[in-house]
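Inspection log for the structure reproduced underneath, given as structure tokens.
Every heavy atom of this structure was used, including side-chain atoms; hydrogens, water molecules and symmetry mates were not. Chain letters run A, B, ... following the sequence lines, proteins first, then strands; residues in each count from 1.
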There are 2 protein chains.
Amino acid sequence: MNFRHAKILEQARTDGKVTVEGLASLFNVTLQTIRRDLTDLAEQGRLERVHGGAILPSGLRNIRYEDRRRLNDDAKARIGLACANEVKNGSSVFVGIGTTCEAAARALVHHEGLLVMTNNLNAVPILSANPSNRVMVTGGTLRHADGGLVGAQAAAGVRQLKFDLAIIGCSALDQTGDLFDYDLDEVIVSQSVIENSHATALVADRSKFSRTAPARIARMTDLALFVTDGLASGMAHHPLRTVTV
Amino acid sequence: MNFRHAKILEQARTDGKVTVEGLASLFNVTLQTIRRDLTDLAEQGRLERVHGGAILPSGLRNIRYEDRRRLNDDAKARIGLACANEVKNGSSVFVGIGTTCEAAARALVHHEGLLVMTNNLNAVPILSANPSNRVMVTGGTLRHADGGLVGAQAAAGVRQLKFDLAIIGCSALDQTGDLFDYDLDEVIVSQSVIENSHATALVADRSKFSRTAPARIARMTDLALFVTDGLASGMAHHPLRTVTV
DNA sequence: ATATTGATGTTCGTTTATGGATAAAACGAA
DNA sequence: TTCGTTTTATCCATAAACGAACATCAATAT
């Protein structure tokens, strides 16, 4: 344990990741020293080591989910940041399932006095890093694959509150403006979230345009905001307010 | 405690860290004296010792909780094991808040086909390590101190199911056979659990006999089983079925 | 006056952190 | 795949930090 460890963890919590290079120049020590730090922290389970740096530990998630998290994570961080800009201090927020929603949760650390509900167990430690947040969990059936809580109980949990802004993701988007998902148990939660929010923001990186999924969540017109990193050509003039990062 | 301690803590709070060298020259004492001071403060949990100095304890919550987890963990593991013996494969189980309940969760890894609900987020990764378990979460307000979900919503989540066996803990036990807790929001959950279970097991190590807490959860006669590592003298002949490990 | 206690200083052998060197492993591009 | 580059783990040497034991001193009790 040394002086750097606390700072490394802090940076990992705010940025979602740390790099060996970045930390070495930050602390003015050699790369080897940082590697030892990261190894130590990883052995304590406080970080998870990856090539070139480290990320926050997973706990629940499986390998596939880890891979997805690393996929396009720059874009996800930008999307999360843009999304957090829409959140006012002291408001009530919902954070949904998916790595992009987690990026949004990460971007909320500097907000004050939020009431945040989530059905994403990975988002819980991120959100509770800020002690001024009140964090609530929907309840529901745990989906081992990604730490999501789904099903009727999750939907019922959502109905306990009305959100100023709900941040949700989806598995696929089509050109007619529909949102889709794979899992019906997740869809009923998302629908419940949309119903119980003054405004809903969809976060989705461009990869979602080229996917398909069976279960319709909603139409784009049911939403207030769409935050993405690049539009598919056909959707360029969709009526929905769109933020591209 | 001496006059330096207050100043050391003050500096730690403003700078986030203190160094042995810096403090020694500040107070004009030897390095060894400062080391003694820092060791004292670290033992009190007011600082965290690092090589060359000390830092603020990282996230009070985690440290305290980690300490508690290590406290008497042999006994807790035995209690958990004994408790798991009462659980049949394929049954529905509730796992409550506290390190002893987590020990019980750990002991359930070799069971098959359980439906487990919990309001303890620390228990979730433990329970989901066994893929044949169906894991549900109650929902509720997150208590940062220990990862527990409490309040009305947690109690409502509990009412969705009826458990074959519920495993709960408590903060204190008195000789008349009453169970107590510190937090009313947790008590309403425990009461809801007892109501919605065919049988409730209380897990408590002997330290609970010497504690007191304000909020009554239930009477011992409301329970089916009591698993502990040693009885207080006065409770030796309580009518409740008791397993001592 | 003498003994006791507690805080501090001193010494010294041990432990730990760090950086450099090297070889193995992981990665990315062709 | 193969090759070249980057990242990593391991070993070693050095310097710093550490803690235990003992000595010293002052304040207090007997």
Separation of A:I34 atom CD1 from C:dG19 atom P, in whole Å? 9 Å
Sequence neighbours left out, what pairs pass side chain to side chain donor-acceptor pair (under 3.5 Å) with at least one residue falling in residues 17-29 of chain A? none
Test salt bridge (charged side-chain N to carboxylate O under 4.0 Å, His left out) applied to A:D178 - qualifying residues, sequence neighbours left out: A:R216, A:R219
Examine distances only and state if a side-chain atom of B:S128 and a backbone atom of A:H144 form a donor-acceptor pair shorter than 3.5 Å. no
Phosphate OP1/OP2 of C:dG19: any A:T33 side-chain N/O under 4.0 Å: yes
As its Watson-Crick or G-U partner within any shown strand, both distances under 3.5 Å, C:dA30 has D:dT1
Scan nucleotides 9-25 of chain D nucleotide by nucleotide, 5' to 3', and note B when protein non-hydrogen atoms come under 4.0 Å of the base, S if they reach only the sugar-phosphate, - if neither. S-B-----SBBB-----
Without placing hydrogens or testing angles, list every side-chain donor-acceptor pair under 3.5 Å for residues 31-38 of chain A, not counting sequence neighbours.
from, atom 1, to, atom 2, distance (Å)
A:T33, OG1, A:T30, OG1, 3.0
A:D37, OD1, A:N2, ND2, 3.0
A:D37, OD1, A:R4, NH2, 3.3
A:D37, OD1, A:H5, NE2, 3.2
A:D37, OD2, A:R4, NE, 2.5
A:D37, OD2, A:R4, NH2, 3.2

According to salt bridge (charged side-chain N to carboxylate O under 4.0 Å, His left out), does anything in residues 131-143 of chain A pair up with another residue at least two apart or in another chain? List the pairs. A:R143-A:D146, A:R143-A:D183, A:R143-A:E186
Apply side chain to side chain donor-acceptor pair (under 3.5 Å) to B:N130 and list each qualifying residue two or more places apart in sequence or on a separate chain. B:S132
Atom-to-atom span, CZ of B:F3 to P of C:dG6 - whole angstrom: 18 Å
